[in-house]
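Just so you know, these numbers come straight off a predicted model, no measurement behind them.
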There are 2 protein chains.
Amino acid sequence: MGFDIKPAQGRRRTAGTAASQRQNNRRHKVLAAAAKLFAAKGLSGTSMRDIASATGMLPGSLYYYFPSKDELFLQVHADAVADIDARVVEALEGVSDPWERLEAAAGAHLEGLLRRDGTVAIVQPHFDDQDPELAQRLRVQRDGYEARFGELVAALPLAQEEDRRLLRLLLLGGLNWATLWVKEGPDRQSPAEIGRAFVGLIRRQVGV
Amino acid sequence: MGFDIKPAQGRRRTAGTAASQRQNNRRHKVLAAAAKLFAAKGLSGTSMRDIASATGMLPGSLYYYFPSKDELFLQVHADAVADIDARVVEALEGVSDPWERLEAAAGAHLEGLLRRDGTVAIVQPHFDDQDPELAQRLRVQRDGYEARFGELVAALPLAQEEDRRLLRLLLLGGLNWATLWVKEGPDRQSPAEIGRAFVGLIRRQVGV
DNA sequence: GTGGAAGCCAAACAATCGTTTGTTTAAACT
DNA sequence: AGTTTAAACAAACGATTGTTTGGCTTCCAC
């Protein structure tokens with residue numbers, strides 16, 4: 001079951017541009033609304049009617065763009081992963097020191113996660129293991145991204161032997177969990193600050 | 001009908017005990033099954049029928065023990081928090097060094113989280129903010145527990161000024177997230193090992 | 001202008017949801 | 001003994017779920 005019917009793509013002629021432009025606008029609008037709702041209420045907590053009414057459409061109309069709720073969710077997830085990955089790549093540009101690279105990546109990662117509006121904050125699981133097939137497809141989407149952090153951690157110069165895997169998991173866990181406690185408001189720490197602080201706590205001598 | 005000043009307890013006959021025993025058994029069975037399902041599939045991902053069939057009962061019968069699905073979930077959540085809190089308290093007994101105390105607490109916390117069977121692994125949010133009232137009641141249940149980690153972190157001797165709040169959040173985030181990647185099998189690291197490793201990564205000098 | 005596809009609505013589908021109701025069974029108390 | 005009460009079943013309630021179907025527009029290509 002691959003991509004049998006990819007609606008309205010590769011339209012011929014100039015008209016296709018305008019038409020698919022509007023289509024993409026609509027489609028993108030659905031994806032944005034779905035991302036917001038999925039991030040806030042989960043997969044089974046969000047109904048197709050919720051998404052439809054958030055985009056000013058009717059439930060059935062969504063099926064013109066996406067063949068099923070699961071496929072819609074997978075697309076949202078894929079977009080989110082791609083977006084956050086792009087942020088990290090961009091943040092790494094021009095940074096050469098390994099620890100600084102990790103700091104930059106951590107900040108970009110968290111910043112991407114916190115974009116609950118706009119794109120998404122769904123790089124995290126917790127989204128209904130109900131269907132094992134869906135769960136696996138989601139994992140595949142994430143694996144590529146997480147490998148990037150593996151490389152960053154592998155490049156770190158360490159004072160002594162450490163379990164680099166646990167180092168990566170501690171940092172990523174702390175960052176992913178941060179989406180649950182970072183609050184809005186003026187005294188809110190920026191994602192970059194938090195990322196730098198976390199990396200610093202690991203890097204430096206903290207205890208006496 | 002006057003007031004019968006009846007001691008709802010201290011039945012002379014063993015019958016009263018036996019009855020409430022069976023009641024508690026059944027009720028506990030429901031709680032256990034619900035905990036397992038909620039932990040695996042989330043609140044909205046688990047139906048009352050799922051819970052009923054897992055306990056060998058009919059859907060309607062659950063309402064003899066719990067007035068609603070939300071109340072059942074709250075009870076499961078409360079039990080989970082109490083259980084993991086007790087684990088942490090027990091693990092702290094006889095340990096006096098602040099860093100060792102944090103290590104012990106971290107291990108016990110993770111061990112409690114990983115008990116997906118038996119008790120639960122629901123100290124974490126991600127469970128449908130849908131109903132704000134429910135979300136708040138869940139938060140209240142968790143706040144008391146998390147305060148314990150605040151005390152442990154406050155007692156740490158630090159090499160220099162650090163943001164103790166971020167230290168706590170990094171560690172707890174890493175631990176909570178661990179429930180998603182800790183695998184079964186022979187080469188699986190124990191919760192205590194992971195907790196000690198995480199605390200060590202923060203405490204020691206890691207970078208060069 | 002005519003044909004036909006793109007885009008969306010309107011309405012309904014069967015299935016499942018949380019919950020309620022009335023009744024039965026079995027045990028316990030008097 | 002007779003009465004009460006806890007515990008569960010059996011069946012249905014209305015609401016909501018994901019999804020399907022058919023038709024109505026709109027607009028471009030010819």
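The distance between atom CG of B/L58 and atom P of C/dT19, rounded to the nearest whole Å, is 16 Å. Look at OH on B/Y63: it is 17 Å from P on C/dG22, rounded to the nearest Å. Separating the OH atom of B/Y64 from the P atom of C/dA27 is a distance of 15 Å, rounded to the nearest angstrom. D/dT25 atom C1' lies 14 Å from atom CZ of A/R26, rounded to whole Å. Taking atom CZ of A/R27 as the reference point, atom P of C/dG7 lies 11 Å away to the nearest angstrom. Distance, A/K69 NZ to D/dT16 P: 15 Å, rounded to whole Å. Counting to the nearest Å, the P atom of D/dA7 and the CG atom of B/L62 are 14 Å from each other. Taking atom CG of residue B/L43 and atom C1' of nucleotide C/dC17, one finds them 12 Å apart after rounding to whole Å.
Other residues, nucleotides and ligands place more than 12 heavy atoms under 6.0 Å from the CZ atom of B/R188. Atom CD of A/Q136 has 12 or fewer neighbouring heavy atoms from other residues, nucleotides or ligands inside a 6.0 Å radius.
A salt bridge is defined here as a Lys NZ or Arg NE, NH1 or NH2 lying under 4.0 Å from an Asp or Glu carboxylate O, and B/R101 with B/E151 fails to meet this definition.
Taking side-chain N and O atoms only, B/S47 has a distance below 4.0 Å to OP1 or OP2 of C/dC17.
Residues B/H109 and B/F149 bring their aromatic ring centres within 6.0 Å.
Taking 3.5 Å as the limit, the base of D/dG18 and the side chain of A/R49 contain a donor-acceptor pair of atoms between them.
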